[in-house]
Amino acid sequence: MALNSSAIELKNVGVVRRGNEILAGVSLTVDAGSCCAILGPNGSGKSALMAVLAGYLWPSTGTVRVDDRTYGRVNLADVRRQIGLIEPSRAPKFDDRMCIRDVVATGLFGTIVLPLHCDVTDSQWRRVDEEMASVGLSAIGGRAYGDLSSGEQMKTLLARAMVSNARILLLDEPTVGLDIGSRAACVAVLDRLLARSRPPTVVIVSHHLDELPKAVDKIVLMKGGRVVGQGAPDDLLTSARLTALFDCDVEVVKSNGRFLAGVGATDLG
Ligand SMILES: Nc1ncnc2c1ncn2[C@@H]1O[C@H](COP(=O)(O)OP(=O)(O)OP(=O)(O)O)[C@@H](O)[C@H]1O
């Protein structure tokens, strides 16, 4: 459910590194409280775009405005406090011996350990416990982070981001490495998150249509560092658009509000 003002606005963003044009002419807006999914082949610039949004990759051209603040004219640390970035492949290095509940609580401080000088108040612990319950971690809150499965670690990172009250969640391939059941559980968590009365703005990079939240409002298609399409899911998630995007025969069906993609009868020989 979009709240009608832009939480994210990129105008003509380009990134050049080591002579490579990683992003070029990227312009897009994401409404506050909405969910935007970014799709594209390997190397199309999806993670680079997320890194720009998170303020970790500085554009060579163009402007980036996040949460009403223009990068380059604000203290980036202030903006980052409003952003929860989840990249399982580059997750923060928590002490493996920390219990999950403490890891989730670090989201209150934006740290990877609980700061010695900061006492977590009873109401903050209640909030930690609420978010752990919302992702189904209550029963194992005392378990060491290092002993968790990939799916449990993902849920821990989601609960940690939600505890921080981040207004913007950037999820880069959140279900990478998860089995079917853990992926389904992660998708259900995202569906519940977006059904809240005041949902965060969510940008998700994914290679799998079936893991996009049902409430996804906008699709951005990327290729060669450029946005080659953006708009409503029903207009963009078609067999023809994805066949052209991925240069292979893709069949898209919609079932029970969710999109599914399969590779068609392409000659793989
Ligand atoms: N620091 C860098 N210097 C030079 N090239 C880079 C740098 N970072 C990324 N690239 C290149 O930019 C392109 C886009 O990379 P990016 O990681 O954003 O792709 P992606 O769409 O997320 O791919 P994948 O689906 O494989 O994760 C790639 O060709 C990559 O090699």
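Both counts, for ligands and for their atoms, begin at 1 and track the order of listing.
Distances from atom 17 (O) of ligand 1 to the heavy atoms of S44, G225, S47 show the closest one on S47.
When distances from atom 7 (C) of ligand 1 to the protein are checked, a heavy atom turns up under 4.0 Å. Within the 4.0 Å cut-off (strictly below), a protein heavy atom is located near atom 3 (N) of ligand 1.
The backbone N or O of S150 sits nowhere less than 3.5 Å from a side-chain atom of Q153 that would complete a donor-acceptor pair. Checked by atom type and distance alone, the side chain of S206 never pairs as donor or acceptor with a backbone atom of E173 at under 3.5 Å. Here the side chain of Y71 pairs a donor or acceptor atom with the backbone of L53 at under 3.5 angstrom.
By the 4.0 Å heavy-atom criterion, M50 is excluded from the residues contacting ligand 1. Ligand 1 lies within reach of H207, whose nearest heavy atom is under 4.0 Å from it.
Between I8 and R65, every side-chain heavy-atom pair lies at or beyond the 4.5 Å cut-off.
With ligand atoms numbered from 1 in the order given, ligand 1 contributes 14 (C), 18 (O), 19 (O), 20 (P), 21 (O) to contacts under 4.0 Å with heavy atoms of G45. Those atoms of ligand 1 with a heavy atom of P41 less than 4.0 angstrom away are 21 (O). Close approach to A48 involves these atoms of ligand 1, each under 4.0 Å from a residue heavy atom: 18 (O). Of all atoms in ligand 1, listed by their number and element, those nearer than 4.0 Å to a heavy atom of E173 are 27 (O). For ligand 1, the atoms sitting less than 4.0 Å from at least one non-hydrogen atom of N20 are 4 (C), 5 (N), numbered in the order shown with element in parentheses.
Protein heavy atom closest to atom 13 (C) of ligand 1, with residue, atom name and distance, is G43 O, 3.7 Å. Shortest contact from atom 26 (O) of ligand 1 to any protein heavy atom: N42 ND2, 3.0 Å.
Among the candidates R258, K254, R183, the single residue satisfying the salt bridge (Lys or Arg N to Asp or Glu O under 4.0 Å) test with D210 is R183.
A donor-acceptor contact closer than 3.5 angstrom is absent between the side chains of E251 and S239. Judged by distance alone, the side chains of R127 and N165 do bring a donor and an acceptor atom under 3.5 Å apart.
Contacts between K46 and ligand 1, counted as non-hydrogen atom pairs separated by less than 4.0 Å, involve both the backbone and the side chain.
In this pair, F94 and Y145 present their aromatic rings perpendicular. The plane angle is above 60°, beyond the 30 to 60° band.
Checked by distance only, ligand 1 and I22 stay at 3.5 Å or farther apart across all their nitrogen or oxygen atoms.
With salt bridges taken as basic N to acidic carboxylate O contacts below 4.0 Å, one links R101 and D129.
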